[in-house]
Amino acid sequence: MNFLPVGEQLEIIRRGTTEIIPEDELKNKLQRSLDSGKPLRIKLGCDPTRPDLHLGHSVILRKLRQFQDLGHHAILIIGDFTGMIGDPTGQNKTRPALTVEDVRANGQTYFEQAAKILDPDKTEIVYNSDWLGKMSFEDVIKLASSYTLARMIERDDFTKRFKNEDPIALHEFLYPLAQGQDSVHLKSDVELGGIDQKFNLLVGRHLQKEAGLEQQVCLMMPLLVGTDGVQKMSKSYDNYIGLNDAPNDMYGKMLRVPDELIYTYFELLTDVPVQELPALKQKAETDPRNSKHELAWTITRMYYDESAADAAREHFEKTIINKEIPDEMPEFRFEAGSTHKMVHIIKEVNFAPSNGEARRLIQQGGVSLNGETIEDVNAEVTFKTGTELVLKVGKRKFGRLLA
RNA sequence: GGGGAGAUACCAAAGUGGCCAACUGGGGCAGACUGUAAAUCUGUUGUCUUUCGACUUCGCAGGUUCGAAUCCUGCUCUCCCCA
């Protein structure tokens, strides 16, 4: 393997990082691997409890990919065992523990999505139940003795929950230890994680030292702010853009992101070269509109391709900006000769979860048929052979009703 | 082991026998505005129902009552204090 010079590698590695602890060690490790031709072992643990990946996950996965491209060895840990505990990080509640089967199945889904970013052929996949599941109670006690309560509860999450008089289950203290044990087992050189993982990653360093191993470098990425511009991107806040989102959704959601995030997104989520970033930053401030379109296009292209990105842009301009009807939309067939209430149709095609909600949408002027806003809550539609109607609900739900 | 407090809709949080499908805030959704957002303003936010209304919902299970989120009993869970 031919590695780039340490300085160049560092420049790529540093992009977007929040913190590298300690950076000197990373430099040394890189130098050593350059001298010996031996790649570094880069560890990334993933939590398979929620297998829907979004752009937030991509920040770290992309960092791992960068290491891969630099010639290092990527290890993706499916935390099937730790998943049963539930990471207490950022939680204000005890998480429900999942069964092994659940977590295993999720792990597969997770990897399939991660493969959009990683080089799947060069990724080693491991399940931490393989070693954690074999530990004896004695082993666990030994492990638990290596950390103190005081150090454990200095964590923000625990402190907060403790102050709020929220429950903290004892086994949650084992989570960081288990994750750290992974590092011991895998002899990782670097562990990647979000900045909220700092504590967990440092425990890994600590445990490696106890085990007489070389310590891993901890590399933390910022938490991606979600589309609401406030909270970290997360499915539970519904402020995410999924890796599996359709191109149109991806593009549209991206444009709804607050202007302030444009640059950050370019830096953390796209593959534009480092050298172009300053210019993009400038543009994000002076010309947010076009800059954001560029961002949306770039990201859609990354997960699909250029033509999909072009099409998504067109779709957006058409439907949202010009308020036209899109070319393509889901079609719904109705029996010729049948009559349905609008309310029922809306619910039927899943544009509203209940009849009540559908009624509300009509009352609020959010429903139109062939461009005409429906005023009457009781409106009915009779389908004849050849009937073709365009139903619009809200700003972006379109459907073609056919008979 | 002993004593005390608590569990309300997506979240937070009022409500302590009828006026409660449940105040209020956040969030969500829709409309206006806009380059998409944000901000702002307006409306809306259990299910079924055109209206009237009916039904289900306030940790779980029973009970008292004409009537219960509100009272009683048991259970489950959580927090605090003492040991």
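- Both tests hold for Lys253(A) against Tyr240(A): distance to the six-membered ring centre under 6.0 Å, angle to the ring axis within 45°.
- Between U56(B) and A69(B), the two P atoms lie 11 Å apart (nearest whole Å).
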> side-chain contact (heavy atoms from CB on, under 4.5 Å) between His293(A) and Arg313(A): does it pass, once the steps are laid out?
Replying inline: CA-CA 8 Å; His293(A) 273 281; Arg313(A) 168 158 203 161; 3.7 Å; yes
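- Between the C1' atom of A38(B) and the NZ atom of Lys253(A) lies a distance of 18 Å, rounded to the nearest Å.
- Taking atom P in both A61(B) and U70(B), the straight-line distance is 13 Å, to the nearest Å.
- As rounded to whole Å, 10 Å separates atom C1' of A30(B) from atom NZ of Lys397(A).
- Rounded to whole Å, the separation between the C1' atoms of G2(B) and A12(B) comes to 33 Å.
- With 3.5 Å as the limit, one finds a donor-acceptor pair spanning the side chains of Arg155(A) and Asn200(A).
- The residues Arg205(A) and Glu210(A) are annotated as not salt-bridged, no charged nitrogen and carboxylate oxygen being separated by less than 4.0 angstrom.
- Pair check for A13(B) finds none; no Watson-Crick or G-U wobble contact set falls under 3.5 Å.
- Remark: P of C11(B) and CG of Asp228(A) are 18 Å apart, rounded to the nearest angstrom.
- Distance check on atom P: C58(B) versus A22(B) gives 15 Å, rounded to whole Å.
- Of all the residues in residues 280-296 of chain A, Pro288(A), Arg289(A), Lys292(A) reach under 4.0 Å from RNA chain B with at least one non-hydrogen atom.
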Show me the donor-acceptor pairs within less than 3.5 Å that the side chains of residues 391-403 of chain A make with the rest of the protein, sequence neighbours left out.
from, atom 1, to, atom 2, distance (Å)
Lys397(A), NZ, Phe351(A), O, 3.4
Arg400(A), NH1, Glu388(A), OE2, 3.3
Arg400(A), NH2, Asp327(A), O, 3.3

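- The side chain of Lys395(A) places an N or O atom within less than 4.0 Å of a non-bridging phosphate oxygen (OP1 or OP2) of G31(B).
- Per the geometry, CG belonging to Asp376(A) stands 11 Å off P belonging to U50(B), to the nearest Å.
- Nucleotides G43(B) and G35(B), compared at atom P, are 26 Å apart to the nearest Å.
- The CD1 atom of Ile320(A) sits 14 Å away from the C1' atom of A30(B) (whole-angstrom rounding).
- Using P as the reference atom, C72(B) and G6(B) are 12 Å apart when rounded to the nearest Å.
- Residues Ser183(A) and His185(A) bring no donor and acceptor atom of their side chains to less than 3.5 Å of each other.
- Checking side-chain atoms of Asn239(A) against main-chain N and O of Gln231(A) turns up a donor-acceptor pair under 3.5 Å.
- One C1' atom belongs to U65(B), the other to C71(B), and the distance between them is 9 Å to the nearest Å.
- Closest to the side chain of Arg256(A), out of A37(B), A30(B), U50(B), is A37(B).
- Applying the ring-ring contact (aromatic ring centres under 6.0 Å, His included) rule to pairs touching residues 193-227 of chain A yields Tyr147(A)-His206(A), sequence neighbours excluded.
- G26(B) and G4(B) have their P atoms separated by 39 Å, given to the nearest Å.
- The main-chain N or O of Ile153(A) is found under 3.5 Å from a side-chain atom of Thr159(A) such that the two form a donor-acceptor pair.
- Residues Glu357(A) and Lys347(A) are not paired through a salt bridge, judged by the lack of any N-O separation under 4.0 Å between the basic side chain and the carboxylate.
- Taking the nucleotide of RNA chain B with the nearest heavy atom to each of His344(A) and Gly252(A), the more 5' of the two is matched to Gly252(A).
- A salt bridge (Lys or Arg N to Asp or Glu O under 4.0 Å) check over residues 127-140 of chain A, counting only residues at least two apart or in different chains, returns the pairs Arg104(A)-Asp130(A).
- Asp189(A) pairs with exactly one of His73(A), Lys29(A), Gln215(A) by the side chain to side chain donor-acceptor pair (under 3.5 Å) rule, that one being Lys29(A).
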> Reading nucleotides 78-83 of chain B 5' to 3', which nucleotides get B (base under 4.0 Å from a protein heavy atom), which S (sugar-phosphate only), which -?
Replying inline: SSS---
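- Nearest-nucleotide positions on RNA chain B place Pro258(A) closer to the 5' end than the other of Val343(A) and Pro258(A).
- Residue Leu391(A) contributes atom CG, which lies 15 Å from atom C1' of A30(B) at whole-angstrom precision.
- With rounding to whole Å, Gln231(A) atom CD is found 15 Å from C11(B) atom P.
- Rounded to whole Å, atom P of C48(B) lies 13 Å from atom CD of Glu348(A).
- Between Gln216(A) and Glu25(A), the side chains place no donor N or O within less than 3.5 Å of an acceptor N or O (distance only, hydrogens not considered).
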> How would nucleotides 39-47 of chain B be written as a contact map, 5' to 3', with B for base contact, S for sugar-phosphate-only contact and - for no contact, using protein heavy atoms under 4.0 Å?
Replying inline: ----BSS-S
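- C71(B) is paired with G63(B) under the Watson-Crick or G-U wobble criterion, all donor-acceptor distances under 3.5 Å.
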